[in-house]
Amino acid sequence: APAVHAQTVLDQSINHNYVVIGAFAVQSNAAKFAESAKRLLPQVSYQFNEKRKLYYVVLMDANQKETAMAEARRLREETQYSDSWVYCVM
């Protein structure tokens, strides 16, 4: 499996809607979770949320909140990622 994208800082500028499948205080835990998730969700990356001081394992960043909400709902219903949620930057 390809390596998880290098960790970056979450973009807190306006109009980002992140579909999050996990949040971790420890970077190595986020990396392991992301690596495992990549088998089912190849586009997963993990990013540091400077405001919350947490590493978010992110599936996608949508311009439209509705798009992100629909994807989080699909993940909760159809995959093992039943805690998926949307982090919105207004």
Side-chain angles (χ1 to χ4, degrees):
V4 172
H5 300 309
Q7 172 254 323
T8 56
V9 174
L10 204 68
D11 188 343
Q12 298 279 358
S13 63
I14 199 160
N15 203 28
H16 287 275
N17 299 281
Y18 296 97
V19 177
V20 181
I21 62 170
F24 299 87
V26 179
Q27 182 176 353
S28 60
N29 292 343
K32 282 182 207 148
F33 187 82
E35 196 63 55
S36 165
K38 268 193 155 329
R39 288 193 282 267
L40 182 65
L41 307 166
Q43 65 273 48
V44 159
S45 65
Y46 72 97
Q47 300 176 32
F48 187 62
N49 183 335
E50 289 183 314
K51 285 186 179 174
R52 304 275 171 88
K53 303 294 186 218
L54 290 170
Y55 295 92
Y56 283 5
V57 180
V58 175
L59 175 64
M60 67 181 286
D61 173 12
N63 289 337
Q64 302 296 321
K65 184 177 179 183
E66 296 74 25
T67 304
M69 297 293 280
E71 181 61 12
R73 191 175 314 112
R74 184 191 75 77
L75 288 169
R76 287 194 301 267
E77 291 171 359
E78 299 177 14
T79 73
Q80 68 209 56
Y81 302 105
S82 54
D83 294 332
S84 299
W85 52 282
V86 176
Y87 175 67
C88 299
V89 184
M90 308 308 258

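All values reported here derive from a predicted model rather than from experimental measurement.
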For M60, look at atom CE and say whether over 12 heavy atoms of other residues, nucleotides or ligands are found less than 6.0 Å away. yes

What residues, two or more places apart in sequence or in another chain, satisfy salt bridge (charged side-chain N to carboxylate O under 4.0 Å, His left out) together with E66? none

Interatomic distance, Q80 atom CD to I21 atom CD1 [nearest 0.5 angstrom]: 8.5 Å

Closest heavy-atom contact between A37 and V44? CB-CG2, 4.2 Å

In this structure, CZ of F48 is separated from CG of L54 (nearest 0.5 Å) by 7.5 Å

Could you work out, with side chain to side chain contact (heavy atoms under 4.5 Å, CB included) as the rule, every residue matching K32, not counting sequence neighbours? N29

Taking side-chain hydrogen bond (donor to acceptor under 3.5 Å, both in side chains) as the test, write out the residues that go with R52, two or more places apart. Y56

Using the side-chain hydrogen bond (donor to acceptor under 3.5 Å, both in side chains) criterion, which residues pair with D61? Sequence neighbours excluded. H16

Same cluster (ILVMFWY, side-chain, under 4.5 Å), L41 and Y46: yes

Please report the C-alpha distance between N17 and T67 in whole Å, then the side-chain angles of each, then the deciding distance to 0.1 Å, and finally whether the side-chain contact (heavy atoms from CB on, under 4.5 Å) criterion is met. CA-CA 9 Å; N17 299 281; T67 304; over 6 Å; no

Look up atom CD in Q64 and atom CG in N15, then write down how far apart they are to the nearest 0.5 Å. 7.0 Å

Given the rule that I, L, V, M, F, W and Y join up when any side-chain heavy atoms are under 4.5 Å apart, are V58 and V19 in one cluster? no

Does V57 share a hydrophobic cluster with V89, counting links as ILVMFWY side-chain heavy atoms below 4.5 Å and allowing steps through other members? no

Which residues share a side-chain hydrogen bond (donor to acceptor under 3.5 Å, both in side chains) with Q12, sequence neighbours left out: N49, Y87

Stepwise side-chain contact (heavy atoms from CB on, under 4.5 Å) check, E50 with L10: CA-CA 7 Å; E50 289 183 314; L10 204 68; over 6 Å; no

Residues forming a ring-ring contact (aromatic ring centres under 6.0 Å, His included) with F24, sequence neighbours excluded: F33

In this structure, would L59 and Y18 fall into the same cluster of hydrophobic residues linked by side-chain contacts under 4.5 Å? no

According to salt bridge (charged side-chain N to carboxylate O under 4.0 Å, His left out), does anything in residues 67-89 pair up with another residue at least two apart or in another chain? List the pairs. E71-R74, R74-E78

So which atom in V20 and which in G22 form the shortest heavy-atom distance, rounded to 0.1 Å? CG1-O, 3.3 Å

